[in-house]
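Take a look at the structure below.
Throughout, protein chains are lettered first and strands after them, A, B, ... in sequence-line order, and every chain is numbered starting at 1. Reckoned from all heavy atoms, side chains included, excluding hydrogens, waters and symmetry mates. The shown structure was predicted, so the numbers you read here are calculated from the model rather than taken from an experiment.
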Number of protein chains: 2
Amino acid sequence: MIARQDVQQADVPAICKSCEARQDGLCGAFNARQLTELARASSRHEVLAGAELPNDGTYSNLLSGVVKLTRNLSDGRQQIVGFHFAPDFLGRPFEAKRPIRAEALTNVALCSFPKAIIDRMANEMPELGRLLLKHALNELDEARDWMAALGRKTASEKVASFLLMVARNTDPAHSPANPISFDLPLTRTDIADFLGLTIETVSRELSRLRSDGTIRIVNKRQISLASIARLEERCGD
Amino acid sequence: MIARQDVQQADVPAICKSCEARQDGLCGAFNARQLTELARASSRHEVLAGAELPNDGTYSNLLSGVVKLTRNLSDGRQQIVGFHFAPDFLGRPFEAKRPIRAEALTNVALCSFPKAIIDRMANEMPELGRLLLKHALNELDEARDWMAALGRKTASEKVASFLLMVARNTDPAHSPANPISFDLPLTRTDIADFLGLTIETVSRELSRLRSDGTIRIVNKRQISLASIARLEERCGD
DNA sequence: GACTCGCCTTGATCGAGATCAAGGTTTTGC
DNA sequence: GCAAAACCTTGATCTCGATCAAGGCGAGTC
């Protein structure tokens, strides 16, 4: 699912076809004239797996890959507070001072827009402001769902919920009844830091799900689910 | 601090002086003509402690009181995913279908604006859209701070962080070195549901903080802190 | 091949916080 | 005022997930 070859063929200029075609991303809101202007100002670039994304106030469409957002306590304890899967939209226009870092989990391709241009266009076009707001509220809803998981779910419910989330982001249109298979773009350490568990507990819970037939672990990173419905029974909500 | 008498004297009409005076609320963004129009459309009302706030798409300034946002798992486990303290701004224009309920913890006074009017004004005035976005991003940052607490802090760090948050919202300008005292607007059950703990653990941690002199528990609901700095040492970040 | 290094799994034991239980205090209602 | 109910505290015990420990697997390197 994390299509590495997308990152290789990265010679699409300026505002890329993938942006224009995408309903979900920022570009859906613009008219043809604005898209032409954006094309001149935007830039496409790659970030390698493991590298930190710059927090420079630019807005970006995430064209391929997976990004994690982490927040650290002073003694090094780490919590992952969110993920971005392609084709999400990334942007933090205000208050970028919080101790939250964005890091590429896989190789990542971005189409970035300078803050100044987007801000000016948002002034001309209220529709764009509403789109940005809608994105922020979706992220807020997701954050609150995970708060409930972190505070009140058991370890096995957390792992089941996590697998469901990855499956849905990997293949959103998939039927709940059919088997589905995907690459986990995270190490066990990342999963643990997301779920507020240790790597040992994550590993044990995955083994338990494997031994009762809910999942198959092909490759450490490659998981296949017997059915989404089967996991939904175990995720606590 | 939760000024109950404010709720009693609730005969301010339409768009209230408290709204206009408030930097933080929605009204800061409007010009005089728009404020006059809003005055006709807005309504002030009260919600009693314990009652649920309607999720009807209206936007509101929270004039006094405290509101909790809760999310429940299917078997009744509850997680509090956020608070609103006066003078916060409340609003969920999109995707109100998530299983999140807003409930008044104290008596609450609201100044509400119909969604249709705000939406139209947001179209006329990009500044308003940016204000709404800024509020949503602040809430997102807070949610992520609490994700880190839920996932990675110990019980005593959670309780210390919680007391700090209430203290800061109660008297944001207070010096970190001086003592401060405030009403806890929550039961032990609410605190536990916010921190992902049980009421017994919350009670024990409060007792521990009392016995080592960090806090004084006057009245079950009335807490006084020796100093904010003292608590900050214990909150883990 | 064999060595190393990073990552994962599994087992044994421990401990923070949950659960169970009893009693205290504050509020409410008569 | 008293009784009942709601809420809070404290103690005893248990359990889930953390910690400690050992070894496996796979990729890269020599």
Side-chain angles (χ1 to χ4, degrees), chain A residues 4 49-50 68 73 75-79 105-106 149-163 183-212 215-223 234 236, chain B residues 2 4 48-50 68 73 75-80 105-107 149-163 183-212 215-223 234 236:
Chain A
R4 298 218 168 197
K68 70 174 176 183
L73 304 187
D75 64 356
R77 279 173 286 175
Q78 182 166 92
Q79 177 68 43
L105 284 174
T106 62
L150 287 168
R152 289 303 184 202
K153 286 187 184 177
T154 64
S156 67
E157 289 169 336
K158 286 176 177 181
V159 171
S161 305
F162 166 75
L163 291 175
D183 272 342
L184 266 189
L186 297 86
T187 65
R188 299 291 186 265
T189 301
D190 283 327
I191 301 174
D193 283 346
F194 181 52
L195 298 177
L197 300 171
T198 58
I199 56 171
E200 293 93 331
T201 299
V202 170
S203 183
R204 275 186 254 270
E205 292 301 331
L206 287 172
S207 299
R208 246 165 43 87
L209 287 171
R210 181 190 48 197
S211 58
D212 63 32
I215 67 176
R216 285 198 317 122
I217 302 175
V218 181
N219 210 355
K220 251 136 227 205
R221 294 298 189 88
Q222 178 106 24
I223 301 274
R234 294 163 189 262
Chain B
I2 309 310
R4 298 221 168 195
L48 295 182
K68 69 174 177 183
L73 304 187
D75 64 356
R77 279 172 287 175
Q78 183 166 92
Q79 177 68 43
I80 295 182
L105 283 174
T106 63
N107 289 354
L150 287 168
R152 288 303 184 202
K153 286 187 184 175
T154 65
S156 66
E157 288 169 338
K158 286 176 178 181
V159 171
S161 306
F162 165 76
L163 290 175
D183 272 343
L184 266 189
L186 297 86
T187 65
R188 298 291 185 266
T189 302
D190 283 328
I191 301 173
D193 283 346
F194 181 53
L195 299 177
L197 300 170
T198 58
I199 55 171
E200 293 94 334
T201 299
V202 170
S203 183
R204 275 186 255 270
E205 291 302 331
L206 287 173
S207 298
R208 246 164 45 87
L209 287 171
R210 181 190 48 196
S211 57
D212 63 33
I215 67 174
R216 285 199 316 122
I217 302 176
V218 182
N219 210 355
K220 249 130 227 205
R221 293 300 189 89
Q222 178 105 23
I223 301 275
R234 296 163 187 262

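- In this structure, CG in B:L195 is found 8.5 Å from CD in B:Q79, a value given to the nearest 0.5 Å.
- Proximity of B:I217 to B:I223: side-chain heavy atoms (C-beta onward) are separated by under 4.5 Å at one or more points.
- To the nearest 0.5 Å, atoms CZ (A:R204) and CD1 (A:I199) are separated by 10.0 Å.
- A donor-acceptor pair is defined here as one N or O able to donate and one able to accept, closer than 3.5 Å; no such pair exists between the side chain of A:R234 and the backbone of A:V159.
- Taken over five-pair windows at either terminus, the axes of the helix from C:dG1-D:dC30 to C:dC30-D:dG1 are inclined to one another by 30° (rounded to 10 degrees).
- B:T187 has its side chain within reach of B:R221: a pair of non-hydrogen atoms, C-beta onward, lies under 4.5 Å apart.
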Quiz item: What does nucleotides 11-28 of chain D look like as a protein-contact string, B for base, S for sugar-phosphate only, - for none, at under 4.0 angstrom between heavy atoms?
Solution: BB----SSBB--------
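- Across the protein-nucleic acid pair, B:N219 atom CG and C:dT25 atom C1' stand 11 Å apart, rounded to whole Å.
- When all heavy atoms of A:I215 and A:L163 are compared, the closest pair comes out as CG2-CD1, 4.1 Å.
- Of the possible donor and acceptor atoms, one in the side chain of A:R152 sits under 3.5 Å from a partner among the backbone N and O of B:Q78.
- Of the side-chain N and O atoms in A:R210, one or more sit less than 4.0 angstrom from OP1 or OP2 of C:dT10.
- B:E157 and A:R77 are joined by a salt bridge, as a carboxylate oxygen and a charged side-chain nitrogen come within less than 4.0 angstrom of each other.
- Contact between the side-chain N/O atoms of B:R208 and the OP1/OP2 oxygens of D:dT10 is not found at any separation under 4.0 Å.
- For the segment residues 186-195 of chain B, the set of residues with a heavy atom within less than 4.0 Å of an atom of DNA chain D comprises B:T187, B:R188, in numerical order.
- Distance CZ (B:R221) to P (C:dT25): 18 Å, rounded to an integer number of Å.
- Between the side chain of B:N107 and the backbone N or O of B:A49 there is at least one donor-acceptor pair closer than 3.5 Å.
- Distance check: A:L197 CG to A:R188 CZ gives 13.0 Å after rounding to the nearest 0.5 Å.
- Here the OG1-CD1 distance, from A:T201 to A:I191, works out to 12.5 Å after rounding to the nearest 0.5 Å.
- Taking atom CG of B:L209 as the reference point, atom P of D:dT9 lies 12 Å away to the nearest angstrom.
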